[in-house]
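Each chain gets a letter, A, B and so on, in the order its sequence line appears, and its residues count up from 1. None of the values given here were measured: they were computed from a predicted structure.
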Amino acid sequence: MYFCKKKMNIKQDISNSIKEFASSKHSTELLDNEIQLSPTKAEFDGDTTLVCFPLLRKIKMSPEALANEIGEFLKENNENIADFNVVKGFLNLSYTNEFWSNFLNKNFNNDKYGHFTQTEAQKIVLEYSSPNTNKPLHLGHIRNNLLGYSLSRLLKQYGYEVIRTNLVNDRGIHICKSMLAWIKYGNGETPESANMKGDHLIGKYYVKFDVEYKKEIEELIKKGMSEEEASKQAPLILEAQELLRQWEAGDKETVELWKKMNQWVYDGFDVTYKQLGIEFDKIYYESETYELGRAIVEDAFQKGIFTQREDKSIWCDLTDEGLDEKLLLRSDGTSVYMTQDLGTAKLRAEEFNADKMVYVVGNEQNYHFDVLKLILHKKLGFDWGEGIYHMSYGMVELPSGKMKSREGTVVDADDLMSDMIALAKETTMELGKIEDFESEEAHKLYEMIGLGALKYFILKVDPKKNMMFDPKQSIDFNGNTASFIQYTHARISSILRRAKDENIDFSELKGVSNISKIETEFLNTIFQYPEIVAEAAKNYSPALIANYTYEFAKKFNQFYHQIPILRESEKDLLSFRLKLSSMAAMIIKNGMWILGIDVPEKM
RNA sequence: GGCCCCAUAGUUCAACGGAUAGAACAAAAGUUUCCUAAACUUUAGAUCCAAGUUCGAUUCUUGGUGGGGCUACCA
């Protein structure tokens, strides 16, 4: 339900008037979906526009003539419509000044503007981040975390209950690789002795493993072995596999080491998450969940839903769905990734009684999630399986191509963040506007600006699409950036501060007679905010919020340059503009909050 | 080979099937005795190709071309 009821009402209200027009003047009943009302483009006069073409099928006349007839009718019969104009088949309608004054009076102080409450509460389990504990986080993980976290805020604001989860991939052959390399080449090195973050230290050994492993493969190939054979027979990989067997058998020494090294990684991750501003409600560890799906699979096999091959492996046949057969239990009885995901999905569905389970995972796993949903919903018949949604996002590419941890072509998350903060500091000092700040306050501002720029840079792009990041070009503080939006907020704050200092009371607004073009444009932008939030939530797209907030800030700056605010002497106009400004600050702050970006009072 | 995704100014990104395809950066030119110039105002510049559906296509369909992903008893 909308807090800003007026908004939904006016669209519906106009629609109703148009239906009334059709039935009384043309004896025709129109359907809601035939009445297309959209925001008027800035180059035309008006607040909302009716596209008349779809109506011509039922009312046979020229688009212009029909638009004019409807315009006349609405001006006569709808109290909110002050005027209209027609361009081709487009009917541009303007709202009355009373409408706008009422809107502002009602909402200028409403900090729940753009918030929703759903009539039927929905519970969503949202999974994001889900890192491996064998290397530090990089830019790709940053995109995942920012999307997930922003989505959690967006969905909450849309009125859902959201449980933020993280499934840490803390076991498996890749973890054993870095463990083995540390055993062989580490000489007992620790984060303290190396003066390195734990996750970076482990990452170093993961790379080391790969280097040595490749050397061994080269050797074997020289001796005449095929590449495929060599990669299976290299001593290092055999040792890593042995280490995994020992881990699975619960070998004390191996488990001890595993715990110690994982803890190093967690301590490192904590720092990264904290700097990035990411949080979770519940963390799952794969070492505790990886056996979960087995029972489901065995049960379904007993029921004849899955099939077994001669070598005892168990498969799900999805050929009738246009997909392949999917392995669920290996011939040695061990489970695979899919098995575990079946298990954790069921665990969560039961644990939280969730209506939806959203997974923020890269688009390289599209097939995996298609299969997961299909098996749970169609094959196993779980109703909640239908509520699975893979929030599939595109990769972050570098000019040199894809990032690869093992090859060292990654943009490290910690480095990138500290670079951004340093850059923000440099720029801020150059501009020299915060000389009165204490050093702690100043540092907070640098973080706000530097991290804001990074977050916005990532989140403004449509999540579904791949995006490009050029490490040689630093992220901007000008133009379509977080800094621009933050700056706008600081500007407005400054105005509101002054108004307060001068004891200007703008809570009373009787109504204004002359609202300028730029002001109605800006009012319209404000007016659309709740719809944007709804749209973004339905599409799982923080990018819509980001781009809207930018457009919004830009409109404010244009307004600010053209129209005096505090210098306005006429009382009602002053109140009107201060109310506008106050709402503007609120919306910018809220939009950026959804993105996980803070805004300053001064910068 | 099979399946999926993408293609828009020099570059990075926008555009529920709707008006003259928007921004930003980079380039060129302007605006500070005036509420913060991290701002504002100009100029120049793009829908990969070919058909089709439609009153109307960047958007939908088909076929090409180019790029990416998936296609493991890895996760």
Is [N] paired to anything, Watson-Crick or G-U wobble with both distances less than 3.5 Å, and if yes, which nucleotide?
N	answer
B/A21	none
B/A9	none
B/C3	B/G69
B/U41	B/A29
B/A46	none
B/U54	none
B/A75	none
B/C35	none

Nearest whole Å is fine: how far is [N] [atom2] from [X] [atom1]?
X	N	atom1	atom2	answer
A/F457	B/U12	CZ	C1'	7 Å
A/L374	B/C3	CG	P	18 Å
A/K465	B/C4	NZ	P	20 Å
A/N132	B/A75	CG	P	11 Å
A/F559	B/U41	CZ	C1'	18 Å

At 4.0 Å (heavy atoms only), tell me whether [X] reaches a base, stays on the sugar-phosphate, or touches nothing.
X	result
A/S38	nothing
A/Y337	base
A/P54	base
A/I563	base
A/I449	base
A/I495	sugar-phosphate
A/D470	nothing
A/M603	base
A/E43	nothing
A/E286	sugar-phosphate
A/V51	base

Closest to side chain of [X], choosing from [options]:
X	options	value
A/Y550	B/A24, B/G18, B/U12	B/A24
A/N366	B/A39, B/C4, B/C55	B/C4
A/D476	B/C25, B/A39, B/C70	B/C25
A/R567	B/C70, B/C13, B/C35	B/C35

Worksheet item: Does A/K88 have a side-chain nitrogen or oxygen under 4.0 Å from the phosphate oxygens OP1 or OP2 of B/A19?
Response: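 The answer is no; no side-chain N or O of A/K88 sits under 4.0 Å from OP1 or OP2.
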Fill in: A/R330 side chain near B/C74 phosphate (N/O to OP1/OP2, under 4.0 Å)
yes
Discussion item. If you apply the rule ring-ring contact (aromatic ring centres under 6.0 Å, His included), what do you find for A/F53 with A/F90, and how did you get there?
Written reply: CA-CA 8 Å; A/F53 300 104; A/F90 298 89; 5.7 Å; yes
Discussion item. Salt bridge check, A/K326 against A/E321: does any charged N sit closer than 4.0 Å to a carboxylate O?
Written reply: no
Discussion item. Between A/D501 and A/R497 (salt bridge meaning N to carboxylate O under 4.0 Å), is one present in this structure?
Written reply: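 Salt bridge: no.
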Discussion item. In the structure I gave you, are the side-chain heavy atoms of A/S493 and A/P600 within less than 4.5 Å of one another anywhere?
Written reply: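 When only atoms from C-beta onward are counted, A/P600 and A/S493 do not touch, as no gap falls below 4.5 Å.
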Worksheet item: Quick one: does A/I237's side chain get under 4.5 Å of A/K177's, heavy atoms only?
Response: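 When only atoms from C-beta onward are counted, A/K177 and A/I237 do touch, with a gap below 4.5 Å.
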Discussion item. Both conditions, 6.0 Å and 45 degrees, for the charged tip of A/R171 above the ring of A/Y290: are they met here?
Written reply: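 Cation-pi check for A/R171 and A/Y290: passes.
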Practice prompt. Output yes if the stacking criterion (under 5.5 Å between centres, under 30° between planes) is met for A/F90 over the base of B/G18, else no.
Written response: no
Discussion item. Quick test of the criterion, 5.5 Å between centres and less than 30° between planes. Is A/Y560 stacked on B/A39 or not?
Written reply: no
Discussion item. Should the side chain of A/T49 and the base of B/A19 be counted as holding a donor-acceptor pair, with the cut-off at 3.5 Å?
Written reply: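 Side chain to base: pair found, below 3.5 Å.
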Worksheet item: When you look at NZ of A/K517, are more than 12 heavy atoms from neighbouring residues, nucleotides or ligands closer to it than 6.0 Å?
Response: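 Correct, the count exceeds 12.
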